[in-house]
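Below is one structure, written out as structure tokens; comments come after it.
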Amino acid sequence: MDRAVTREPIWQKCKFCHNATFEQLHQFERHLYDVHSRRKDGQYFCEYGDTRICCKKSNESDYKIHVVYNHAFQSVNCVKPYRKTSDNKRPTDEWNFYSASQSLATVLNDPRRPRTKDFFTKIWGDKFTDTSPIPPPQHLPVIRPQYFQTYLKRIPKRHKKLVEPQPKKDKQDYPSEILQQFPNLRLTKSTDRVSYDLSEVPSIFLEPHFDLSKRETLFTVFPNIFLTSDTHANDVTANIRISDKSILEKKLSHYLDTVEVKIAQQVSSKSEAFFHTMTSHDTLMEQIHLSIQLAQNLRCRIRQVNEKFVSKPLTILKTKTTILNHTNIIEKLKLMATVYHTQTTIQVLLSAADYVAALDLIYTTKDLLSKELSGVHCFRHLTSELNEIIKMIDALMAGEFERCSSADLNRPLVGTDIEVLEKDKLFSILMGMLRRKNWAFLEAYSKECETAISAAIKKSVIDTVANSDVDHQISQSSNLESYLYCLTTNEWLNMLEDCSYTLSLLLRRIKAGYNIMHHALNVSAKKFNSHNENTIDLEEPSFDYNLSEEDYIKVRAKLTNLLNSITECAVVKYAQLVNKSSSANTESEQVSGITEQLNGDDESRNYCLSDQKQLLRLSECIKNLSECYVEVCPNQDVGFKILQAAMQSEANNFIKKFHTEKINKLQLLLDSENWRQKVVPSEFQHLVEYIQTTGQFSMPKPLSPKTSTKPAQILIVNDESFAVVGTVLLLIQMVTEYCTKADEINLAAQSLLRYVCDILREYNSRSYYLVLQAKAISNKTGLKKITCTNLVLSLRALQLLLWIVPYIQTHFSSFLEESQVNTILNRVKNDITKHIKDIQDKLHDIVKQIIMQQMSNWEAKPPIPSKSFQNICKHICKLHEAIASILPKIQIQYLYRRIHITFKEILHECINKMDNTNNDGPLRGIVSSELMFYIKSLESIDALPKEEMALQSMNDIWNENFSTNNGH
């Protein structure tokens, strides 16, 4: 017996999860990977052991090998008997290197295999290590024999049908294996199983060319024959021994009897068929004779039918065919005669300007020549002649189109006539060019339109110069730009009005021509859904040619681009006239470049609109041309934007001049301002009240002398008094004028907003320079120094500007985006607010310097009050006298609260420098007496609330950790 190790699969069920069963091995592997393993730091820990701890693997492939080898199969020891040989001994095949099942070096050097305790005590052999069986394929299904039962039941019937039609002589015995699977193949008739065994008869007797006269055949049949020769007679004789002869006769007789018996058996087996055939022979002969007689009778009758009913009708049909052929020949001759006169007909049609009919006749003739008259020798040159005529018609149509379009566009631009001249002829030419797929008329019409636009503009300029009352020294060789720069402002506006009218009329004529071209395109493509079809009364040609959809779309797009480019060219040239940036003969630039040019500031202009009425006249001209542009090109807005940009450029230049005048005026006012309080005229008070009440900046009408009131000393705003300087009143008036301009010129609203910010920023920075930096001290202003009164007057002026900024913001938000307006004005508000804070800090610093100077010499000793406290109180009272009539009470309290806190800080520092260990001593009494004097001085001017001036509020100066919040 021999002991072997086998491995049985145990992966069908998990030994820990009772409900987990698996049909395939990979399902078991996935279950162990998901449930019975964990991964940490790239290591794989198997937990499918008895104690839920198995091993650790360094990667996923090693872990899968471990699962298949250790957990999917189970090793089982079994005993197998020895296979005995014939001599009852074990096989003794020679063993070699390739017979080994394990390689010792591989096993010892495999780092993945565990080292068991008995590793070095094992006996080397096929059981040294367990061999892992190759598991069955996981992705191949198991094929069982019952899968083929349906096929095996179905195929014998088909096989039987295939075998039955074969002749019986091809039937043969089938192997026993096939007969067992296909029992229906067994033969049922015994007669078909008869075999004729002629093996006893030599094959030479059965050959078809058996002949004993041949020497080879003779000696084969009679092998015992011998030859004898007679020497005298030279004769050879064949002799057979008597004993051999009798034996040969018996053998041949046996062969003959065998063949006769076989023949008799064959005849007896086929005798029934033979006699049946002989019996049927006579019947068959009678049937053949009867068939011959019937055939003869049928032929006779067919001959009679042919003579009576077939021959004459066939003659009639033949005659009819001959007549039809003659008719076709006559029609062909007529067609040839018509083609022969084709050239004459074409000339007649061209003289009547019927290009469509001429082209249709030419194409029809060419089609006849290529089909019905193909091969006619007399017309062999006619096709080339027709091609030359087509080229001539192309040139003729191009010339006629240019002449018609030029005559239509260059006629005098007077009245309101916008109809196209000779529109029927133009329509015929267009139909002919579309029939020829010649799109050159688009480019030709574009050039004619550009020429007409330039000529119309130049004529308007020249007419304006000719009608001018001023003698312009211009030579005839001067270009258009020279004419433009010699015009005055009024002449320039007259020229723009005339040019706007002529261009509007010309654009409407161009649109009429465009409508005819569009109508011709629709007729060529058999499309009649355009909105302009009902307004054009033209005779449509009758021909079957239709323009393809692809060509229709392409030509329609080109036609639309043509109209857009022409109108854009007219608008650009007019915009160039408005801005005087280039001559009218210059090629128009691209839209984006022109727009940038129009938006820019032209510093080289030698004119500017003098008043707002002239600007309104220009706006009306541009408005009329813009309406015409929208009417001609309702789906385009490029030209409208160009005209708006031109108008905005002029408006910006006008506003820029206005702004420059206001800035210069403001600078002169600030340079001469003495920063003293001025009286407020009644019209300024009414203006402020109007802005406050309505939120609008429309300047009210000035009061009549009877109703005018005396000037006031202060300006009342929201029940708050403002003592102001004269410059800020004029500045408010300027801001009102800016806002009024925005109502009248909406296009310049953005520039006006920017200029309002500039003028407010100019006042803010200039007043800072003059007051805070003391640059206003001069003989011109009469100021010898900047006092606190000057500072608070500047402060109140800035606060008045802060009051008006929200109204400006609301006003411009109706023209521009609110976020844009807020962004621009917030910067100005921040600058003014910072300036106000600087002035407040300056007032505080002045008093602080006085307090520090006086307290530096103060000593806590009699007399009381000391000289230092007297001076401090004196300056505080003087400051109150200077600002009491200018600043509101709340701002005065804010300023004095800061001064009071600063005073306490300085006093605390002075006390800390003295020996104040005994707070109840003389020092405290002296300081308290000084503070009483200080408090009474503040109470006399009523600068702070009483609760803030109480003596108890001064006790914190004795604290070592005294601190105050001197914030703003």
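Here, residue 1 is the first one in the sequence, and each next residue gets the next number.
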Could you check whether any side-chain heavy atom of [X] comes within less than 4.5 Å of a side-chain heavy atom of [Y], counting everything from C-beta outward?
| X | Y | answer |
| --- | --- | --- |
| Ile714 | Val680 | no |
| Val828 | Leu801 | no |
| Thr902 | Met852 | no |
| Leu907 | Met855 | yes |
| Ile839 | Val771 | no |
| Leu770 | Glu673 | no |
| Tyr896 | Ile876 | yes |
| Phe684 | Ile732 | no |

Can a side-chain donor-acceptor contact be found between [Y] and [X] if the only test is distance below 3.5 angstrom?
| X | Y | result |
| --- | --- | --- |
| Asp743 | His811 | yes |
| Asn912 | His908 | yes |
| Thr787 | Asn790 | yes |

Inset, instruction - Output, in order, the C-alpha distance, side-chain angles, deciding distance and verdict of salt bridge (Lys or Arg N to Asp or Glu O under 4.0 Å) for Asp758 and Arg761. - result: CA-CA 5 Å; Asp758 289 344; Arg761 197 177 289 111; 3.3 Å; yes

Donor-acceptor contact below 3.5 Å, side chain [X] vs main chain [Y]:
| X | Y | value |
| --- | --- | --- |
| Gln893 | Pro945 | no |
| Lys678 | Arg676 | yes |
| Arg796 | Ser721 | yes |
| Gln870 | Pro865 | yes |
| Ser937 | Phe933 | yes |
| Gln685 | Ile716 | yes |
| Tyr574 | Leu496 | yes |
| Thr693 | Tyr690 | no |
| His875 | Asn871 | yes |
| Tyr807 | Phe697 | no |

For the student: nearest non-hydrogen atoms of [X] and [Y], plus distance:
| X | Y | answer |
| --- | --- | --- |
| Ser500 | Cys621 | OG-O, 3.1 Å |
| Leu752 | Lys741 | CD1-C, 3.5 Å |
| Glu720 | Gln891 | OE2-NE2, 4.4 Å |
| Leu669 | Thr727 | O-OG1, 3.7 Å |
| Leu816 | Gln750 | CD1-CA, 3.7 Å |
| Ala749 | Phe812 | O-CE2, 3.5 Å |

[X] [atom1] to [Y] [atom2] distance, which is reported to the nearest 0.5 Å:
| X | Y | atom1 | atom2 | value |
| --- | --- | --- | --- | --- |
| Glu818 | Thr823 | CD | OG1 | 10.0 Å |
| Ile836 | Asp841 | CD1 | CG | 12.0 Å |
| Ile872 | Gln853 | CD1 | CD | 10.0 Å |
| Ile846 | Ile851 | CD1 | CD1 | 12.0 Å |
| Leu731 | Leu760 | CG | CG | 6.0 Å |
| Asp831 | Tyr768 | CG | OH | 11.5 Å |

Legend entry - Residue pair Ile745, Phe654: steps toward the side-chain contact (heavy atoms from CB on, under 4.5 Å) verdict: CA-CA 10 Å; Ile745 310 173; Phe654 177 77; 4.1 Å; yes

Legend entry - Phe903 and Tyr934 aromatic centres sub-6.0 Å: yes

Legend entry - Residue of the set Glu762, Arg766, Lys662 for which side chain to side chain contact (heavy atoms under 4.5 Å, CB included) holds with Gln667: Glu762

Legend entry - side-chain contact (heavy atoms from CB on, under 4.5 Å) between Leu753 and Leu825, worked out: CA-CA 9 Å; Leu753 176 61; Leu825 288 176; 4.2 Å; yes

Inset, instruction - Kindly indicate, with the supporting measurements, whether the criterion side-chain contact (heavy atoms from CB on, under 4.5 Å) is fulfilled by Ser885 and Gln713. - result: CA-CA 11 Å; Ser885 61; Gln713 295 296 323; over 6 Å; no

Inset, instruction - Dump the intermediate steps for side-chain contact (heavy atoms from CB on, under 4.5 Å) on Val847 and Leu895, then the final yes or no. - result: CA-CA 10 Å; Val847 179; Leu895 177 61; over 6 Å; no

Inset, instruction - Show your reasoning for whether side chain to side chain donor-acceptor pair (under 3.5 Å) applies to Tyr894 and His844. - result: CA-CA 10 Å; Tyr894 171 75; His844 173 264; over 6 Å; no

Legend entry - More than 12 heavy atoms of other groups within 6.0 Å of Glu817 CD: no

